[in-house]
Amino acid sequence: MSTVLDPPGDLLAELRRSAFRPSRTRGQHFLNDPSIARRIVEAAGVTRNTAVLEIGPGTGALTRHLVVRAGRIIAVEIDTRLARALEEAYGRYDHLAILNRDVLDLDLPELMGGFDETGFVVVANLPYGITGPVLDRLITCHGKITGAVVMVQSEVGGRLTASPGTKAYGAITATLSYHYGVESLFHVEGDRFVPRPAVDSVVLRLTPHDRPPVDVRDASLLTTVIRAAFQHRRKMLRHAVSRLAPGSDGYLSDRTGIDLRRRGETLDLAEFAALADALWEYRDHRRDHS
Ligand code: SAM
């Protein structure tokens, strides 16, 4: 690891003086408040023993705190101009690798597996357009991720921490909660970014469960059931389970005690797990008798 040097100066100010124009489609709203950047990195608990995957380093608001704290950083930036500017400013840190790639094109488990570290902490001020797909990837490679601190739009944060039966509760809330504990840490107002976004943001911490909070035979079937239940969220659960296994509704309601006239959005994770297990048994039963 390189000796810790003073991090580079203010790349954002430099870019603002140049012809650089932030791209709206890439969600380029750069954090312009060092105390918030520091709080995010502190919340991630980054030390010299930590390996970090930073998504969208941009002008380095978080990177400049990460380089003086973390043991290794992989920073993935889609924008070639920013990746170049970062390379110039941070090239002297040999524990930092800047990848000029679309994070969604990367095989993250393979990327992380290429390093000695046993797990990575994800740190990001996420561009709005890729928040959903990034969360899906955090779920897929949760075995390699020891934690994540991510800034998202407030409304998304509300969805990820919502309780069953509320409007904000959705498939991603339930699915994410199977893999991670999700905490809302603090709000960040729009005026802390350049350019200013239309909405405020919230910083979330995701902590992988040592053991999933509910037992289920087949985690991917649990995801399938949750997705089906929210596909037509105003419809009764009966419709969703009938699409997954026609004729199974009587068996499922007897086995779980769940009234399938309820809407999927009212079920908590334990109820979804019970439904997924009953569906697994139903299919297994049918296989044996066919
Ligand atoms: N981390 C910086 C900060 O806090 O100021 C920048 C955050 S800005 C909200 C999002 C960054 O993600 C931008 O630099 C943008 O170019 C980058 N980005 C957008 N889509 C990306 C993708 N698919 N893969 C990698 N980086 C991406």
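It should be emphasised that the depicted structure is a prediction, and the values quoted were computed from it without experimental measurement. What's counted below: heavy atoms across the whole structure, side chains too, no hydrogens, waters or symmetry copies.
Here Leu62 contributes atom CG and Ile73 contributes atom CD1; the two are 11.0 Å apart, rounded to the nearest 0.5 Å. Atoms NZ and CZ, on Lys235 and Phe230 in that order, are 16.0 Å from each other to the nearest 0.5 Å. Within the model, atoms CG of Asp249 and CZ of Arg261 stand 12.0 Å from one another, a figure rounded to the nearest 0.5 Å. Atom CG of residue Leu99 and atom CD of residue Glu87 lie 9.5 Å apart, to the nearest 0.5 angstrom. The CG atom of Leu275 lies 9.5 Å from the OG atom of Ser253; values are rounded to the nearest 0.5 Å. Once rounded to the nearest 0.5 Å, the distance linking CG of Leu206 with CG of Leu135 reads 7.0 Å.
Residues Arg227 and Gln231 are not in side-chain contact: their nearest non-hydrogen atoms beyond the backbone lie 4.5 Å or more apart. Residues Arg263 and Arg234 meet the side-chain proximity criterion, which asks for heavy atoms closer than 4.5 Å. Looking only at side-chain heavy atoms (C-beta outward), His29 and Pro22 stay at 4.5 Å or farther from each other. Pro164 has its side chain within reach of Asp268: a pair of non-hydrogen atoms, C-beta onward, lies under 4.5 Å apart. When side chains are defined from C-beta on, His232 does not count as touching His239, because their heavy atoms never get closer than 4.5 Å. Looking at heavy atoms from C-beta onward, Asp33 lies out of side-chain contact with Phe193 at the 4.5 angstrom threshold. Two residues are said to be in side-chain contact when any heavy atoms from C-beta on lie closer than 4.5 Å; Met151 and Leu126 fail this criterion. For the pair Asp200 and Val188, the minimum side-chain heavy-atom distance is 4.5 Å or more.
The same ILVMFWY cluster, assembled from side-chain heavy atoms under 4.5 Å apart, contains both Val156 and Ile55. Leu160 and Leu267 are assigned to two separate hydrophobic clusters, defined by single-linkage of ILVMFWY side chains at heavy-atom distances under 4.5 Å. Ile36 and Val202 are members of different hydrophobic clusters when ILVMFWY side chains are connected at heavy-atom separations under 4.5 Å. Note on Val76 and Leu104: same hydrophobic cluster, where clusters join Ile, Leu, Val, Met, Phe, Trp and Tyr whose side-chain heavy atoms are under 4.5 Å apart, directly or indirectly. Cluster membership check: Leu66 does not share its hydrophobic cluster with Val150, using side-chain heavy-atom separations under 4.5 Å among Ile, Leu, Val, Met, Phe, Trp and Tyr.
Checking side-chain atoms of Thr173 against main-chain N and O of Arg159 turns up a donor-acceptor pair under 3.5 Å. Judged by distance alone, with hydrogens and angles left aside, the side-chain atoms of His95 form a donor-acceptor pair with the main-chain N or O of Val67 at under 3.5 Å. Remark: side-chain polar atoms of Thr140 are paired, donor with acceptor, to backbone N or O of Asp136 under 3.5 angstrom. Panel note: side chain Glu54, backbone Ala124; no donor-acceptor pair is recorded below 3.5 Å. Panel note: side chain Tyr180, backbone Gly147; no donor-acceptor pair is recorded below 3.5 Å. Here the side chain of Ser248 pairs no donor or acceptor atom with the backbone of Leu244 at under 3.5 angstrom. A donor-acceptor pair under 3.5 Å is absent between the side-chain atoms of Tyr169 and the main chain of Ala174, judged by distance alone. Side chain of His65 to backbone of Val41: no donor-acceptor contact under 3.5 angstrom is found. His179 places no side-chain N or O within 3.5 Å of a backbone atom of Ile139 that could act as its donor or acceptor partner.
Each of Leu11, Leu82, Leu15 was evaluated against Phe30; a single residue qualifies, Leu82, per the side chain to side chain contact (heavy atoms under 4.5 Å, CB included) test.
For the residue pair Thr47 and Thr50, a side-chain donor N or O sits within less than 3.5 Å of a side-chain acceptor on the partner. In this structure, a donor-acceptor pair under 3.5 Å is absent between the side chains of Gln153 and Thr131. One side chain, Asn100 or Thr80, offers a donor N or O that lies under 3.5 Å from an acceptor on the other.
The minimum heavy-atom distance linking Ala61 with Ala37 is given by the pair O-CB, 3.4 Å. When all heavy atoms of Ala270 and Val214 are compared, the pair lying nearest together is CA-CG1, 3.7 Å. When all heavy atoms of Val216 and Ala273 are compared, the pair lying nearest together is CG2-O, 4.0 Å. Listed here is the closest heavy atom pair of Leu138 and Ala148: CD1-CB, 4.3 Å. Nearest heavy atoms, Ala168 versus Gly158: CB-O, 4.0 Å. Closest non-hydrogen pair, Val46 versus Ala70, comes out as CG1-CB, 3.4 Å.
Taking a 6.0 Å sphere around CZ of Arg24, one finds it holds 12 or fewer heavy atoms contributed by other residues, nucleotides or ligands.
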* To do: I would like to know whether Val123 and Val121 meet side-chain contact (heavy atoms from CB on, under 4.5 Å); could you show each step before the answer?
  => CA-CA 6 Å; Val123 177; Val121 171; 4.0 Å; yes
- Take Glu77 and Arg101, measure what salt bridge (charged side-chain N to carboxylate O under 4.0 Å, His left out) needs, and give me the verdict at the end. CA-CA 6 Å; Glu77 173 55 60; Arg101 295 287 301 274; over 6 Å; no
Problem - Steps toward side-chain contact (heavy atoms from CB on, under 4.5 Å) verdict (Val149, Val203) - result: CA-CA 7 Å; Val149 173; Val203 176; 3.6 Å; yes
Notebook entry, point to check: When you look at Leu185 and Leu204, which way does the side-chain contact (heavy atoms from CB on, under 4.5 Å) test go after all the steps?
Noted result: CA-CA 6 Å; Leu185 298 181; Leu204 303 177; over 6 Å; no
| said: Between Glu271 and Arg262, is the salt bridge (charged side-chain N to carboxylate O under 4.0 Å, His left out) condition met? List the steps. | reply: CA-CA 12 Å; Glu271 291 174 308; Arg262 284 168 64 186; 3.0 Å; yes
- Task: Report the C-alpha distance between Val103 and Arg137 in whole Å, list the side-chain angles of each, state the deciding distance to 0.1 Å, and finish with yes or no for side-chain contact (heavy atoms from CB on, under 4.5 Å).
- Result: CA-CA 10 Å; Val103 71; Arg137 278 155 181 80; over 6 Å; no
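Taking Phe120 as the reference, nothing meets the ring-ring contact (aromatic ring centres under 6.0 Å, His included) condition, with sequence neighbours excluded. A search for side chain to side chain donor-acceptor pair (under 3.5 Å) contacts involving Asp79 returns Gln28, Arg81, not counting sequence neighbours.
When ring centroids are compared, Tyr178 and Phe272 stay outside the 6.0 Å threshold.
Classification of the Tyr93-Tyr90 ring pair by plane angle, with boundaries at 30° and 60°, yields tilted.
Here Glu265 does not pair with Lys167 in a salt bridge; the nearest charged N to carboxylate O distance is not below 4.0 Å. Salt-bridge check for Arg84 with Glu88: failed, with every basic side-chain N at 4.0 Å or more from each acidic carboxylate O. Of the charged side-chain nitrogens involved, at least one lies within less than 4.0 Å of a carboxylate oxygen, so that Arg287 and Asp284 count as a salt-bridged pair.
Note that Arg39 lies in the cation-pi zone of Phe186, set by a 6.0 Å cut-off to the ring centre and a 45° limit from the axis.
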